[in-house]
There are 2 protein chains.
Amino acid sequence: MRISAIEEYGLRCLLALAKQGKNNQLSISDIAEMEGLSVPYASKLLAILRRAGLVTAERGRGGGFSIATDPTQINLYDVLTALGGPMIDPKHCSRYAGQKNQCVHTEKCSIHDILGGLAGYVQSFLSKTTLRDLIAADSTGLLVRTGTHIEIAPTALEQELGSQRERTVLE
Amino acid sequence: MRISAIEEYGLRCLLALAKQGKNNQLSISDIAEMEGLSVPYASKLLAILRRAGLVTAERGRGGGFSIATDPTQINLYDVLTALGGPMIDPKHCSRYAGQKNQCVHTEKCSIHDILGGLAGYVQSFLSKTTLRDLIAADSTGLLVRTGTHIEIAPTALEQELGSQRERTVLE
DNA sequence: ATTATAGTTTACATTTGAGTAAACTTTTAG
DNA sequence: CTAAAAGTTTACTCAAATGTAAACTATAAT
């Protein structure tokens, strides 16, 4: 269960655009440069974001991308789902059916129940965090981090409302 | 962000062994048959589980696999980490460094902070669920499910302590 | 109109993970 | 002691995800 490359890099590109505000554009080459990506790859990511309605594109000279709506209106669940699909897709049972036509666990399946519960749990976490939160965290630096590792403030880890409290502080 | 095939199938094999109890063995071909997997593939998954110390193996005629310890002592976080590695590994920043040697976001990186927070959140969810819970859910059928889709009881979805309440009921 | 800029699309190459195959080692029944 | 049963290991093939290349379309400055 890992974050995919497209989710990771796509989110970064989107965040870069969100920081510019709705009335400022960045070209693909701008974004590629900023994020250390190749132009074709950034192009692919931005196309996905555009089709999902998260960014808007203007063609031609002087064109570029800009964030589609206010960063408070874009939450991480929608972004990651647009980039990487749902955590548990409707085809999960047939996708993991082994050698049989149908999954052997169709009658009673606690695993899928629990994983479905996990997916809901993750969704609830991600839905509460918006791009606005990420921007604020970057500019104020309230969250704990180290050079190479990732460390969230312990309070945020242990409590259900951790991310909400942070948002309250940051806003 | 998806469940990998190895995580999914490996968990199923482990759960099958957990249901047998610590004093009963299943051979690879038993498990492969039960789970609808090929013998070589089941073999691979069980080897991973054995190296992680989650199951024990006895060689030779009459041998087989059995669960290493009581199902109440094995939680889903440990199982999924053994099978698929950590959600965010220590090399995350260098893994997703784009074309540069170092990730361009080493200074301020709200994304990694939030994803790290998510990983902790997921860990907290998965750590609270043990194989015992899965066995109980399968036998009592308290959790909601449909034929092809996954639906956890709404109460469990919305509340932080959902899974704990279920465990209380089941035990 | 022409040209340079900039996003779009499709197809391709590369890498990684999924799943298979086969040879090997260990144990026990006879 | 031998053969069959059963787990172990390594190497390989195939499919999917990652990342690249290139040709295409749209816009605006001149």
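Below, chains carry the letters A, B, ... as their sequence lines are ordered, and counting in each starts from 1.
- For the residue pair B:Ser66 and B:Thr56, a side-chain donor N or O sits within less than 3.5 Å of a side-chain acceptor on the partner.
- Rounded to a whole Å, the CZ atom of A:Arg2 is 17 Å from the P atom of C:dT15.
- Near DNA chain D, meaning a heavy atom under 4.0 Å from it, residues 21-32 of chain A has no residue at all.
- Ring pair B:Phe125/A:Tyr121 is tilted by interplanar angle, where 30° to 60° counts as tilted.
- The nearest whole Å value for the distance from the CD1 atom in B:Ile6 to the P atom in C:dT16 is 15 Å.
- Applying the side-chain contact (heavy atoms from CB on, under 4.5 Å) test between B:Ile74 and each of B:Leu15, B:Val79, B:Leu134 identifies B:Val79 as the sole match.
- Less than 4.0 Å separates DNA chain C from at least one heavy atom of each of the following residues of residues 40-49 of chain B: B:Pro40, B:Tyr41, B:Lys44.
- At distances below 3.5 Å, at least one donor-acceptor pair connects side-chain atoms of A:Glu7 with backbone N or O atoms of B:Met1.
- Taking both residues in full, the closest heavy atoms of B:Leu45 and B:Cys13 are given as CD1-SG, 4.2 Å, listed atom of the first, atom of the second, then distance.
- Contact annotation: A:Arg50 side-chain N/O to C:dT9 OP1/OP2 distance is under 4.0 Å.
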Quiz item: Checking side chain to side chain contact (heavy atoms under 4.5 Å, CB included) for the pair B:Leu11/B:Ile3: CA distance, chi angles, key distance, verdict?
Solution: CA-CA 11 Å; B:Leu11 176 55; B:Ile3 305 289; over 6 Å; no
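- Expressed to the nearest 0.5 Å, how far CG of B:Leu14 lies from CD1 of B:Ile48 amounts to 12.0 Å.
- The two residues B:Ile114 and A:Thr129 make their nearest non-hydrogen contact at CD1-CG2, 4.1 Å.
- Atom pair A:Phe65:CZ and D:dT27:C1' shows a separation of 14 Å (rounding to whole Å applied).
- For B:Ala47, the side chain to side chain contact (heavy atoms under 4.5 Å, CB included) partners are B:Arg51, not counting sequence neighbours.
- In this entry the distance linking CG of B:Leu37 with P of C:dG19 reads 9 Å, nearest Å.
- Of the residues in residues 55-62 of chain B, those lying under 4.0 Å from DNA chain C by heavy-atom distance are B:Arg59, B:Gly60, B:Arg61.
- The shortest heavy-atom contact between A:Leu126 and A:Asn75 is O-CB, 4.0 Å.
- OP1 and OP2 of D:dG19 both lie 4.0 Å or more from every side-chain N or O belonging to A:Ser38.
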Dump every N/O contact between nucleotides 13-15 of chain D and the protein below 3.5 Å, one line per pair.
none

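- Atoms CZ and CD1, on B:Arg2 and A:Ile88 in that order, are 11.0 Å from each other to the nearest 0.5 Å.
- One can place CG of A:Leu83 at 14 Å from C1' of D:dA17, the figure rounded to the nearest angstrom.
- Residues that satisfy the side chain to side chain contact (heavy atoms under 4.5 Å, CB included) test with A:Leu26, not counting sequence neighbours, are A:Leu17, A:Gln20, A:Asp30, A:Ile31, A:Met34.
- Of the candidates D:dT9, C:dG17, C:dT8, the closest approach to any side-chain atom of B:Arg51 belongs to D:dT9.
- The distance from the CD atom of B:Glu8 to the CG atom of A:Leu115 is 6.0 Å, given to the nearest 0.5 Å.
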